[in-house]
Every structure is written in C-alpha cells, then in structure tokens.
Visitor: 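Take a look at the following structure, please.
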Amino acid sequence: MDVDVILLGPPGAGKGTQAQRLVDAHGMRQLSTGDMLRAAVKAGTPVGVAAKAVMDRGELVSDEIVSALIGEELDALAPGQGAIFDGYPRTAAQAETLDRILADRQRTLAHVIELEVNEDALVERICGRYTCATCGKGYHDKYEQPKVPGTCDKCGGHEFKRRPDDNEDTVRTRMTEYRAKTAPILPIYEARGIVARVDGMADIEHVTAAIERIIAS
Ligand code: AP5
C-alpha cells in the first residue's frame, strides 16, 4: 500500500502494535524513531551515545538527530512502499521538517491517525510489555501473550526483553513531554483535514479494524 500515515498518541497508546500490523498486512514500512534510536544506543554510535541518557530520563532527543534518521530511512523505501510514522513527528519543528522531507521526495501525507487513550491505563500497558529479542514482535503480560508460553508466535524465539525506559517514573515524564510538545502539533494537521481519531482503549483487533477503514478511505 503506497499511502504515508502518522500514528499519533502518548506512550503506550498502541502506535508500535498497530504499525506492526500494517506492516504485516500491507507491506508498509514502520518508521519508528524510538526503534532507530534504541538500535543506535545498542550499536554505540555517536547518535546512540548522545541519545541514551535523554531517553532514559524520558525526555525528547534533539529534532536534528531524529529528522536525519527519518530522512535516511525514507530513502531506503521500495518504490511505491507506504510509510507509517510511529513516534515521529513529536514537536512542531519535526512536523515542519517532515513536510519538507516528504515534499523533497514527492510524497504526500494521507492520514494522521490519533489513538485516543485514557492515560491512567498507559502505565499498566507500558510496564507490562515486552518484545521478542530475536524478531522484535511485541507482547504484553496481560493483553497480548504468545500463543505458546515462552515461544514467539512470529519467529519461534525463546528470549524476550523489556525496555529500560518502561518504568513508572520515566513513563510519567514521557507523558508530560507528549502533552507539552507533541499534542500541540495536531492542529497543524487538523487544518489540512487529514486527522482521524480512533478509540485506542478498544481491544487491539478493533483498533486495527478502525485504522484499516481509515487508510482504505
Ligand atoms: P518511543 O519508542 O517512540 O516510545 P513512546 O512514544 O513512548 O511510545 P511507546 O513505544 O512507549 O508506545 P506505543 O504507542 O508504541 O505502544 P505499544 O504499541 O508498544 O520513544 C522512546 C524514547 O525515544 C522517547 O521517550 C524519546 O526519548 C526518544 N524519541 C523517540 N522518537 C523521538 C522523536 N521523534 N523526537 C525526540 N525523541 C524521540 O503498546 C504498549 C503495550 O500495550 C503493548 O504491550 C501492547 O501489547 C499493549 N497494547 C497496545 N494496544 C492495546 C490495546 N488496544 N489494548 C490493550 N493493550 C494494548
């Protein structure tokens, strides 16, 4: 599918979960700046070294760093492959840069999908999540468990990991950052008539179905 969409919502809203489903269903590419930064931290690159402490505190990494990462990833897309922006843009400056990055590549943003959630539920969602250490598929202690306990549904791996920033204190800082810097970018897209809202508190399958309806429209 060749549409470009932004998934927007606070930490734990389900952006990564739903992005993975769009990748599996449509061969779109998930562009998660969080995943890119974590890969840089793991590889010990200069970007990773600069980002680690900021991420551990739950604050935002600089606009220049994340926008450079997004530009590189967009250039690696296959012809006609749609992009799902997951966790980007997060500030007004990033939203402006994204406009430029897309225009330079003759791409158009089709939808900004806001996952509306009750913030009280997010700490539980985030503190209960984990991923397969081999393929990265996401799970949750309560909401999305592997079909065979201890075995990844996707790749059969047996090792799982949790993120260092998935603790209550850091999550609260991430939510504060979202309210202060990310939620205010919504009006930019509302003015263009491309914002759609989905009830992110519905179960995962219902959220997926609602997103599918939006991107098919
Ligand atoms: P990032 O990795 O982007 O984290 P985030 O935005 O805080 O979002 P999360 O990944 O925590 O949540 P999600 O919405 O993807 O939820 P998920 O689908 O996993 O960023 C991390 C850090 O990197 C930032 O703090 C910042 O420092 C830095 N950074 C990244 N991008 C940046 C940028 N652009 N600019 C500056 N800094 C940047 O779902 C959570 C759990 O809930 C899962 O276990 C899932 O199974 C479960 N779940 C999902 N949906 C449902 C549902 N409907 N019902 C029940 N359970 C559900």
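As the structure lists them, so they are numbered: ligands from 1, and atoms in each ligand from 1.
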Visitor: Between Lys15 and ligand 1, does any nitrogen or oxygen pair lie at a separation below 3.5 Å?
Guide: yes
Visitor: Quick one: nearest non-hydrogen protein atom to atom 54 (N) of ligand 1, plus distance?
Guide: Arg125 NH2, 3.4 Å
Visitor: Check contact between Lys142 and ligand 1, using heavy atoms of the residue and a distance below 4.0 angstrom.
Guide: no
Visitor: Just go through His140, Met36, Arg174 and tell me whose heavy atom is the nearest to atom 11 (O) of ligand 1.
Guide: Arg174
Visitor: Tell me whether Ala13 reaches ligand 1 (any heavy atom closer than 4.0 angstrom to a ligand atom).
Guide: yes
Visitor: Do you know the tightest heavy-atom contact between Tyr189 and Ala95?
Guide: OH-CB, 3.4 Å
Visitor: Considering only the protein, which heavy-atom contact is closest to atom 23 (O) of ligand 1, and what is its distance?
Guide: Met55 CE, 3.4 Å
Visitor: Can you pull out the closest protein heavy atom to atom 35 (N) of ligand 1? Residue, atom name and distance to 0.1 Å, please.
Guide: Gln94 NE2, 2.9 Å
Visitor: Counting each atom of ligand 1 from 1 as listed, which ones have a heavy atom of Arg163 under 4.0 Å away?
Guide: 1 (P), 2 (O), 4 (O), 9 (P), 10 (O), 11 (O), 21 (C)
Visitor: What protein heavy atom is closest to atom 27 (O) of ligand 1, reported as residue, atom name and distance in Å?
Guide: Glu59 O, 2.5 Å
Visitor: Identify which one of Thr182, Leu8, Leu98 satisfies the side-chain contact (heavy atoms from CB on, under 4.5 Å) criterion when paired with Pro89.
Guide: Leu98
Visitor: Which of the numbered atoms in ligand 1 are below 4.0 angstrom from a heavy atom of Arg38?
Guide: 2 (O), 21 (C)
Visitor: Side-chain contact, heavy-atom cut-off 4.5 Å: Met36 with Ile70?
Guide: yes
Visitor: For the 3.5 Å polar cut-off, considering only N or O atoms, please tell me whether Gly14 and ligand 1 meet it.
Guide: yes
Visitor: In terms of residue, atom name and distance, what is the protein heavy atom nearest to atom 45 (C) of ligand 1?
Guide: Thr17 OG1, 3.5 Å
Visitor: What atoms of ligand 1 come within less than 4.0 Å of a heavy atom belonging to Gly87?
Guide: 31 (N), 32 (C), 33 (C), 34 (N)
Visitor: Tell me: protein heavy atom nearest atom 28 (C) of ligand 1, and distance?
Guide: Leu37 CD1, 3.7 Å
Visitor: Inspect the contact between Glu59 and Arg174 and indicate whether a charged nitrogen and a carboxylate oxygen are less than 4.0 angstrom apart.
Guide: no
Visitor: So for Gly200, does at least one of its heavy atoms come nearer than 4.0 angstrom to any atom of ligand 1?
Guide: yes
Visitor: Looking only at protein heavy atoms, identify the closest one to atom 24 (C) of ligand 1 and say how far it is in Å.
Guide: Arg90 NH2, 3.9 Å
Visitor: Do Ile101 and Val47 sit in the same hydrophobic cluster, where Ile, Leu, Val, Met, Phe, Trp and Tyr count as joined when their side-chain heavy atoms come under 4.5 Å apart?
Guide: yes
Visitor: Does a salt bridge link Asp86 with Lys15, judged by any charged N lying under 4.0 Å from a carboxylate O?
Guide: no
Visitor: Which ligand 1 atoms are under 4.0 Å away from a heavy-atom of Gly16?
Guide: 13 (P), 15 (O), 18 (O)
Visitor: Should you measure from each heavy atom of Tyr139, which atoms of ligand 1 turn up under 4.0 Å away?
Guide: 44 (O)
